[in-house]
Every structure is written in structure tokens, then in C-alpha cells.
Amino acid sequence: MMTCRECGQNLPNEAFERYPTGTYRRVCRQCKYLLYGIEAKRRWRLRQLATAMHP
């Protein structure tokens, strides 16, 4: 069991990403998606809109 730094929940180790070195990321997979995935999609969409407006 580990505690997520972002949401503070105690979760099993399987809820965390494991690095090749054997250590675990301290942010659970769900929070990682919210922190990095959604923001990356937003930036991508803004770039697409900017390109469409100024070809």
C-alpha cells in the first residue's frame, strides 16, 4: 500500500506506475492522467486550432 501525493488515497502498489529501476511513481495512475494526459490533449487541441486559423 502506498499513498498518492496528489489525492492522498492509500492504494495498492498496482495503482501506481513502476519505473524500469523498480521504484514506483508516487502519483497514482488516475491522478497522473488528470495531471498530464488531459493537459497534453488541451495543448494539442489549442495548437490544432491555431494552425487552422493561420494556415
Side-chain angles (χ1 to χ4, degrees):
M1 297 286 283
M2 291 174 35
T3 303
C4 176
R5 286 186 181 169
E6 189 65 25
C7 64
Q9 293 183 13
N10 282 332
L11 300 167
N13 291 348
E14 294 81 31
F16 296 89
E17 183 179 350
R18 189 171 187 176
Y19 293 115
T21 58
T23 59
Y24 288 94
R25 182 186 290 267
R26 295 293 177 181
V27 178
C28 70
R29 293 180 192 274
Q30 182 65 31
C31 290
K32 179 187 171 220
Y33 171 72
L34 295 173
L35 289 170
Y36 303 109
I38 292 174
E39 192 61 32
K41 287 180 184 177
R42 182 176 176 269
R43 286 192 309 267
W44 174 81
R45 183 67 181 139
L46 290 174
R47 280 195 307 270
Q48 293 293 318
L49 290 172
T51 304
M53 292 177 67
H54 303 285

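Residue numbers run from 1 in the order of the sequence given.
For Arg26, the salt bridge (Lys or Arg N to Asp or Glu O under 4.0 Å) criterion is met by no residue, not counting sequence neighbours. Under the rule for a side chain to side chain contact (heavy atoms under 4.5 Å, CB included), the partners of Pro12 that lie at least two apart in sequence or sit in another chain are Met1, Glu14. Judged as a side-chain hydrogen bond (donor to acceptor under 3.5 Å, both in side chains), and not counting sequence neighbours, Arg29 has no contacts. In terms of the side chain to side chain contact (heavy atoms under 4.5 Å, CB included) criterion, residue partners of Ile38 (sequence neighbours excluded) are, by chain and number, Tyr33, Leu34. Judged as a salt bridge (Lys or Arg N to Asp or Glu O under 4.0 Å), and not counting sequence neighbours, the contacts of Glu39 are Arg42. Asn10 meets the side-chain hydrogen bond (donor to acceptor under 3.5 Å, both in side chains) test with Thr3; sequence neighbours excluded. Scanning for side-chain hydrogen bond (donor to acceptor under 3.5 Å, both in side chains) contacts around Glu17 gives Arg25, Lys32, with sequence neighbours left out. The side chain to side chain contact (heavy atoms under 4.5 Å, CB included) test applied to Leu11 returns Gln9, Ala15, Phe16, Cys28, not counting sequence neighbours.
When hydrophobic residues (I, L, V, M, F, W, Y) are linked wherever their side-chain heavy atoms come within less than 4.5 Å, Trp44 remains an isolated member. The hydrophobic cluster containing Leu46, built from Ile/Leu/Val/Met/Phe/Trp/Tyr side-chain heavy atoms closer than 4.5 Å, comprises no other residue.
Within the structure, salt bridge (Lys or Arg N to Asp or Glu O under 4.0 Å) contacts touching residues 43-53 (residues at least two apart or in different chains) do not occur.
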_Verdict with reasoning, Leu35 to Glu6, per side chain to side chain contact (heavy atoms under 4.5 Å, CB included)_ = CA-CA 9 Å; Leu35 289 170; Glu6 189 65 25; 3.8 Å; yes
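The number of heavy atoms from other shown groups lying within 6.0 Å of OH (Tyr24) is above 12.
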